[in-house]
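One structure is given below, encoded as structure tokens.
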Protein chains: 2
Amino acid sequence: MAHHDRGERVAFSISDLSTELGLSTRAIRYYESLGLLNPDRTTGNHRLYTRKDRARLRMIQRGRMLGFTLQEIADLLHLYDVDPSERVQYARGIELTRKHLTTVRHRIRELSLLEQELARALAEAEEKFSQLDHDPMSDQRVEK
Amino acid sequence: MAHHDRGERVAFSISDLSTELGLSTRAIRYYESLGLLNPDRTTGNHRLYTRKDRARLRMIQRGRMLGFTLQEIADLLHLYDVDPSERVQYARGIELTRKHLTTVRHRIRELSLLEQELARALAEAEEKFSQLDHDPMSDQRVEK
DNA sequence: ACACATCTTGACGCTTACGTCAATTATTTG
DNA sequence: CAAATAATTGACGTAAGCGTCAAGATGTGT
């Protein structure tokens, strides 16, 4: 694996990607079983990933981290590899993308609100904490 | 349930909240079993929720939608109801809040990136679509 | 007080997203 | 080329987050 080619690698083994991305090989194979990936195989049937596959894996990873299901991620990814001549699917794809976009924007708003609340709570807690510096309950004087 | 008191209700049954928030009663009870709620009980052991409980449920709901686990949500919620005199827990709480804040900010960034990608993909798709306006495959004229 | 709607606690079921062997086959390396 | 290392499929296991009965206690309207 990894013919130290000039510049960037072109093909990766499953463990290459596993190590690089911090995903288990099981997870990667599972994603494939759900149709999120379709790597080539060597003559010996070992999976061979391209940079595109790696990019897809990164997207899957991000999607998961952001709370999307593998099914949702699959739907989105499929939009990117439908044959552009499949006009019938076009409108449907646009529709789906709009829906996801709406969801994403909604989540951004919600997360922003949560951020504000957390930040406020944190500031408040920190202030109270600093005021309790040498608290009145413990008469133990720590030096200085 | 709901003694049409003047102004706002003060107590809710589990199905009140279930209906109002769109959560199953099973889910609500499950949250309680994990310690996320602690409603009072009637003499007959039926759960009685306050407005605060409702607020907590809303937070749980938001947290779930944003991809947090019930355990993470529980940790955060517990920060809000520790007795403020529990100074020992203070530092820990501040630490935890900081961590969550970091996570939230990270997710906001990731989601923003995703938003941009989706928006770009959508614009691109829409343009191509509009150029295929009356596509050469279908000679069916819809009136007007 | 009666009937009917609600609620309560189990307990088992199900889906998602993998973890963890196990038995084989490929590939790599000394 | 033999031994060690890595990959493959299959099958079973698991944790989270509820859904879905079931059987009985409680609440409500008349």
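Letters A, B, ... mirror the listed sequences (proteins, then strands); counts begin at 1.
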Any side-chain N or O of [X] less than 4.0 Å from the OP1 or OP2 oxygen of [N]?
X        : N       : result
Thr25(B) : dC7(C)  : no
Ser24(B) : dG19(D) : yes
Ser15(A) : dA7(D)  : yes
Ser13(A) : dA7(D)  : yes

From the list [options], which nucleotide is the closest neighbour of the side chain of [X]?
X        : options                  : answer
Asn45(B) : dT8(D), dT6(C), dT9(C)   : dT9(C)
Arg26(A) : dT6(C), dC12(D), dC12(C) : dC12(D)
Ile14(B) : dC18(C), dC7(C), dT27(C) : dC7(C)

[N] [atom2] sits how many Å from [X] [atom1], rounded?
X        : N       : atom1 : atom2 : result
Ile28(B) : dT8(C)  : CD1   : C1'   : 14 Å
Ile73(A) : dT16(C) : CD1   : C1'   : 12 Å
Glu32(B) : dC7(C)  : CD    : C1'   : 12 Å
Gln71(A) : dA17(C) : CD    : P     : 9 Å
His46(A) : dA26(C) : NE2   : P     : 7 Å
Arg29(B) : dT20(D) : CZ    : C1'   : 12 Å
Leu66(A) : dA17(C) : CG    : C1'   : 17 Å
Leu17(B) : dC7(C)  : CG    : P     : 10 Å

Cationic tip of Arg107(B) above Phe68(B) ring, under 6.0 Å, 45° of axis:
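Positive - Arg107(B) is close enough to the ring of Phe68(B) and near enough to its axis.
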Check for me whether Arg56(B) meets the cation-pi criterion with Tyr49(B), that is, NZ or CZ under 6.0 Å from the six-membered ring centre and within 45 degrees of the ring axis.
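Ring-cation test returns no.
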With heavy-atom distances below 4.5 Å as the criterion, would you say the side chains of [X] and [Y] are in contact?
X         : Y         : answer
Ile108(A) : Val104(A) : yes
Thr50(B)  : Val10(B)  : no
Ile28(B)  : Ser24(B)  : no
Leu76(A)  : Leu118(B) : yes

Quick one, Glu126(A) with Arg98(B), criterion salt bridge (Lys or Arg N to Asp or Glu O under 4.0 Å). Give me CA distance, side-chain angles, the key distance, then yes/no.
CA-CA 11 Å; Glu126(A) 279 173 336; Arg98(B) 278 212 190 94; 2.4 Å; yes
Starting from the 5' end of DNA chain C, give me the residue, Arg41(B) or Leu34(A), whose nearest nucleotide shows up first.
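The residue mapped nearer the 5' terminus is Arg41(B).
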If you assign each of Tyr31(A) and Thr42(A) to its closest nucleotide in DNA chain C, which residue comes earlier from the 5' end?
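The answer here is Tyr31(A).
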Mind listing the residues from residues 52-65 of chain A sitting with a heavy atom below 4.0 Å of DNA chain C? Number order is fine.
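The stretch gives Arg64(A) as the residues lying under 4.0 Å from the strand, ordered by number.
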Confirm from the modelled atom types if Arg47(A) and dT8(D) form a donor-acceptor pair under 3.5 Å, side chain to base only.
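Check fails, no donor-acceptor contact within cut-off.
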When you measure from the side chain of Gln61(A) to the backbone N and O of Leu21(A), does any donor-acceptor pair fall under 3.5 Å?
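Indeed, once roles are kept as given, a pair shorter than 3.5 Å links the two residues.
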